[in-house]
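Heads up, the thing below is written out as structure tokens.
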Amino acid sequence: MLKLDHIIITVPELNAAMEDYRALGFTVNYGGRHASGATHNALICFQDGTYLELLAPVTRSASLDAMALSETTNFSVLLQKGEGLAGYAL
């Protein structure tokens, strides 16, 4: 049986999104920069082990440059449609 691991939410600016989610009452922790160097994230973890991942470009130019890369750790493609629900992992 498949189990939800996390939900990915793209945001244009990570620090602002972290503050917005904190204002809503969530505990938000900086996760780090992804291997491509173009994106970074913050995590909102729940007791059952699932979490929300806030995904943002490190800089706009780094994000656009990384979109051309074909490496598996490049999540920049998720940012192409703008802010909001970008996916989930099972």
Side-chain angles (χ1 to χ4, degrees):
M1 182 164 128
L2 297 176
K3 180 181 167 190
L4 179 67
D5 185 70
H6 68 280
I7 295 172
I8 304 162
I9 300 169
T10 55
V11 297
E13 206 286 308
L14 190 58
N15 289 330
M18 290 173 69
E19 289 305 315
D20 289 345
Y21 277 83
R22 285 183 180 127
L24 292 170
F26 292 102
T27 300
V28 184
N29 296 297
Y30 182 71
R33 187 180 274 205
H34 291 110
S36 71
T39 56
H40 57 161
N41 67 9
L43 307 175
I44 300 168
C45 300
F46 300 104
Q47 287 184 346
D48 66 357
T50 61
Y51 61 96
L52 299 178
E53 176 183 6
L54 304 178
L55 177 70
V58 172
T59 64
R60 179 144 175 83
S61 62
S63 175
L64 293 174
D65 290 344
M67 284 182 198
L69 300 175
S70 62
E71 61 184 270
T72 59
T73 57
N74 179 14
F75 300 109
S76 296
V77 69
L78 296 176
L79 302 169
Q80 290 177 330
K81 293 189 179 181
E83 186 172 5
L85 179 64
Y88 55 91
L90 300 175

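All heavy atoms count here, side chains included; hydrogens, waters and symmetry mates do not.
- The number of heavy-atom neighbours closer than 6.0 Å to CZ of Arg22, taken from other residues, nucleotides and ligands shown, is above 12.
- Using cut-offs of 30° and 60° for the angle between ring planes, the Tyr51 and His6 rings count as parallel.
- Using a 4.5 Å heavy-atom threshold, the side chains of Tyr21 and Ile9 count as touching.
- Residues Leu4 and Ile8 fall into different hydrophobic clusters, defined by Ile, Leu, Val, Met, Phe, Trp and Tyr side chains chained together at heavy-atom separations under 4.5 Å.
- Clustering ILVMFWY residues whenever any of their side-chain heavy atoms sit less than 4.5 angstrom apart, transitively, puts Leu43 in a cluster other than the one holding Leu85.
- Nearest heavy atoms, Arg33 versus Val58: NH2-CG1, 2.8 Å.
- Judged by distance alone, the side chain of Thr10 and the main-chain N or O of Leu55 form no donor-acceptor pair under 3.5 Å.
- Tracing side-chain contacts under 4.5 Å through hydrophobic residues (I, L, V, M, F, W, Y), one reaches Tyr88 starting from Leu2; they form part of the same cluster.
- When the side chains of ILVMFWY residues are joined at heavy-atom separations under 4.5 Å, either directly or via intervening members, Phe46 and Leu54 end up in a single hydrophobic cluster.
- Distance alone, capped at 3.5 Å, places no donor-acceptor pair between the Asp5 side chain and the Thr50 backbone.
- Residues Ile7 and Leu14 are members of one and the same hydrophobic cluster, defined by side-chain heavy-atom contacts under 4.5 angstrom among Ile, Leu, Val, Met, Phe, Trp and Tyr.
- Considering all non-hydrogen atoms of both residues, Tyr30 and His40 come closest at OH-ND1, 3.2 Å.
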